[in-house]
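Quick notes on the structure that follows.
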Amino acid sequence: MNIFDTYAGALKDIITRLGEVGPFPKAIDLSNVTIEPPRDASHGDISTNIALVLTKQARMKPRDIADLVAAELGKIDGVDRGDVAGPGFINISLKANVIQSQVANILKADGQYGRSDVGNQEKVNVEYVSVNPTGPLHVGHCRGAIFGDALASLLDYTGYDVAREYYINDAGGQIDVLARSAYLRYAEALGQDIGEIPEGLYPGDYLIPVGKALADKYGEKWLDKMESEWILPIRKFATDAMMDMIRADLETLAIKHDVFFSELTLHDSGKIQVALDKLEAKGLLYTGVLEPPKGTKPDDWEMRPQTLFKSTDFGDDVDRAVQKSDGSWTYFAADVAYHYDKMERGFTSLIDVWGADHGGYVKRVESVIEALSDGKVSLDVRLCQMVKLLRDGTPVKMSKRSGSFITMRDIVDEVGKDVVRFIMLTRKNDASLDFDFARVTEQSKDNPVFYVQYAHARVHSVLRKAQAAFPALDMSKDSLAEARMSVFTDSSELSLIRNMMNWPRFVKSAALAREPHRIAYYLYELASEFHALWNKGNDNLDLRFIIEDDIEKTRARLALISAVRDIIASGLNILGVEPVTEM
RNA sequence: GCGCCCGUAGCUCAGCUGGAUAGAGCAACGGACUUCUAAUCCGUAGGCCACAGGUUCGAAUCCUGUCGGGCGCACCA
């Protein structure tokens, strides 16, 4: 329960009471009322627009309403006073002890301060990465992977029942290409001269060990055999090998998945047909001919009747094909079945994390979800924009042809997991992001990862020093929570506490908006407040955390910074960044 | 041609789903180290929130249009 909720309740009681005794109508819609900290700290601790919202319903001037409510607020326990300001805002100032005591609340929560139940244990499925198993993960995949992973953690932290999922695209034509490429390496491993890798096959060195493993397992069994004989077993073998590699890559970034879902199983089990039958039953499939697109017309365009899904019924631009010209299912058809399967497994909220280049695919999937669930299941597709790699300001050149693209592993090896994760979360997902190797490894406040980590490490540094100075001092959270919090009177201390009081609200809003980057920004600001307080101790010895001759004051200060530490650690954990205790 | 995303300080970006005088970092300038790690902090300066309308008590935020940038546009994945 955070403090804003507490006073929101009190405020509602006041409105109801005023409704019963006189001035206000009995039934009042409070849905647009906000109860939040004011932007400007001089406006008190809590600000509400309630008078402005009620002005129509109560048919009174905002300021008159505000005066009535403010007078009542002044009587509430813990409220110092309620002021009316501007057009009719009510600013509530809390008594100092209410603010101070929050430190104890944070410590007693034991790292769970900010955890909430807004998610109501709703079953939500977050799908991310979902890369073709045809090669190692490269930089482009990094961002979506980290975003999805952090978002899943954030939702888990806010009371959703989260499943993390990877959709393995192991059924398409590219897997045949993979199998042929692996077959070539297999022949090579058995001593054949394969020369240059032909255009259209995967040239990467990562397939060499796969070829060797194939040779070890099968010997010369597939040599000089027709492709139709070996393609299936080698597809399976190569796909498994690629997935092993991808899983290992993901592990270097601590990206977790609960389920790896194979597209192939949808084809093999007939689930695609089942899902399409559902659409058919709703009258949403038909055979038709698509118009060519208006702009640049494809050269090989030909009019042809196809089985189409009527996605235009749900706001899509054109209806979408579910069957290819050779009669096999389209990628979209499998995706229909996949999302249908998620619904069948009981998820009521689906989140897909894709690269921005798949933006044109969003509407048709949204359409399917709406059609199959009758609007009961929500789909939220989060698109991640590109990452521009830079080295000291100059773009890193990458060319697929020469094979000089940078892999996820390259990046992690160079700058470390924590840096990659944090930096990738310092932008909104739908804004492009610059990743400069020089800048992200810098040890200065220019580098947010470092800055936040440093604040956390600094707290631990003080705690170590304090224990040395006061060997008998009990520094457990329970003990610190009993400290004399009334020592916090300096504006920087109070400002720090107010900032921490905002943590639960931030987490909640970040979860509802599905924007984990807000956590990163919050942490940066909290770290900044902490560093500021630290430096005040340089000028004013009485503001230091450790006061040599005053164990009680020291105890309170340690309580304060332990609370900071708990929140930074919680936030970093959500982002998947390790809160280090020493640097 | 159509759809989606983005235009906020010189640069890179936040802005808590509509709140009060729009905020950080970098770069510029001026200050604070016999320290609980100055790996930090404090101060100054910098804005027609792309532009034009609309919605209302109130708009950077929502709606419409214009301009500028990114992505996508049968059967691939």
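All chains are named by letter (A, B, ...) in the order of the sequence lines, taking the proteins before the strands, and each is independently numbered beginning at 1.
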Requested in this report: Please determine, by modelled atom types, if A/N169 and A/Y331 share a side-chain donor-acceptor pair under 3.5 angstrom.
Outcome: yes

Report task. State, without any angle test, whether A/E582 and A/S461 hold a side-chain donor-acceptor pair at a distance under 3.5 Å. Result -> no

All N/O pairs under 3.5 Å across the protein-nucleotides 75-77 of chain B interface:
unit_1: B/C76; atom_1: OP1; unit_2: A/Y331; atom_2: N; d: 3.2
unit_1: B/A77; atom_1: OP1; unit_2: A/G173; atom_2: N; d: 3.0
unit_1: B/A77; atom_1: O3'; unit_2: A/N132; atom_2: OD1; d: 3.1
unit_1: B/A77; atom_1: O2'; unit_2: A/N132; atom_2: OD1; d: 2.7
unit_1: B/A77; atom_1: O2'; unit_2: A/N132; atom_2: ND2; d: 3.2

State whether [X] places a side-chain N or O below 4.0 Å from either non-bridging phosphate oxygen (OP1 or OP2) of [N].
X	N	answer
A/R505	B/C16	no
A/R458	B/U37	no
A/S444	B/A39	no

**Report entry** Distance flag, aromatic centroids of A/Y451 and A/H531, threshold under 6.0 Å
**Finding:** yes

Report summary line: Taken in chain and number order and not counting sequence neighbours, the residues that satisfy salt bridge (charged side-chain N to carboxylate O under 4.0 Å, His left out) with A/R557 are A/E493

Report summary line: Side-chain atoms of A/W534 come closest, of B/U37, B/G19, B/G3, to B/U37

Requested in this report: Could you tell me the separation between the CZ atom of A/R63 and the C1' atom of B/C57, rounded to a whole number of Å?
Outcome: 13 Å

Report task. Starting from C1' on B/G70, measure out to CG on A/N429 and report it in whole angstrom. Result -> 15 Å

Query - Residues forming a side chain to side chain donor-acceptor pair (under 3.5 Å) with A/R39, sequence neighbours excluded - result: none

Excluding sequence neighbours, so at least two apart, what forms side-chain contact (heavy atoms from CB on, under 4.5 Å) with [X]?
X	result
A/F450	A/Q443, A/N447, A/Y454, A/M583
A/P87	A/L52, A/F89
A/S325	A/R304

Report task. Report yes or no: is the ring centroid of A/Y521 under 5.5 Å from the six-membered base ring centroid of B/A14, with the two planes under 30 degrees? Result -> no

Report task. Give a yes/no verdict on base stacking between B/A39 and A/F450: centres under 5.5 Å, planes within less than 30° of parallel. Result -> yes

Below 30° counts as parallel, above 60° as perpendicular, anything between as tilted: where do the rings of [X] and [Y] land?
X	Y	value
A/F545	A/W534	perpendicular
A/Y167	A/Y338	parallel
A/H460	A/H456	tilted

**Report entry** Spacing of CG belonging to A/L523 relative to OG1 belonging to A/T426, to within rounding of 0.5 Å
**Finding:** 12.0 Å

For residues 359-367 of chain A, which side-chain donor-acceptor pairs fall under 3.5 Å, sequence neighbours excluded?
unit_1: A/Y361; atom_1: OH; unit_2: A/D335; atom_2: OD2; d: 3.4
unit_1: A/S367; atom_1: OG; unit_2: A/K363; atom_2: O; d: 2.6

Across the strands shown, which category fits [X] at heavy-atom distances under 4.0 angstrom: base, sugar-phosphate, nothing?
X	value
A/M386	nothing
A/R464	nothing
A/K508	nothing
A/A513	base
A/D436	nothing
A/L290	sugar-phosphate
A/A85	base
A/N49	base

Polar atom pairs (N or O), protein with nucleotides 41-48 of chain B, under 3.5 Å:
unit_1: B/C41; atom_1: OP1; unit_2: A/K445; atom_2: NZ; d: 3.3
unit_1: B/C41; atom_1: OP1; unit_2: A/Y451; atom_2: OH; d: 2.2
unit_1: B/C41; atom_1: OP2; unit_2: A/K445; atom_2: NZ; d: 3.0
unit_1: B/C41; atom_1: O4'; unit_2: A/N535; atom_2: OD1; d: 3.2
unit_1: B/C41; atom_1: O4'; unit_2: A/N535; atom_2: ND2; d: 3.4

I'd like a list of close polar pairs between nucleotides 5-12 of chain B and the protein, N/O only, cut-off under 3.5 Å.
unit_1: B/C5; atom_1: O2'; unit_2: A/D430; atom_2: O; d: 3.3
unit_1: B/U12; atom_1: O2'; unit_2: A/R427; atom_2: NH2; d: 2.9

Requested in this report: Determine which pairs satisfy side chain to side chain donor-acceptor pair (under 3.5 Å) with at least one residue from residues 538-551 of chain A, sequence neighbours left out, and list them in order.
Outcome: A/D542-A/K553

Query raised in the report: What residues, two or more places apart in sequence or in another chain, satisfy ring-ring contact (aromatic ring centres under 6.0 Å, His included) together with A/F260?
Result: A/Y166, A/H257

Requested in this report: Please work out the stems of RNA chain B from pairs that are Watson-Crick or G-U wobble with both distances under 3.5 Å, keeping only runs of three or more consecutive pairs.
Outcome: B:1-5 with B:69-73, B:10-13 with B:23-26, B:28-32 with B:40-44, B:50-54 with B:62-66

Query - Closest-nucleotide ordering on RNA chain B, the 5'-leading residue of A/G360 and A/I90 - result: A/I90

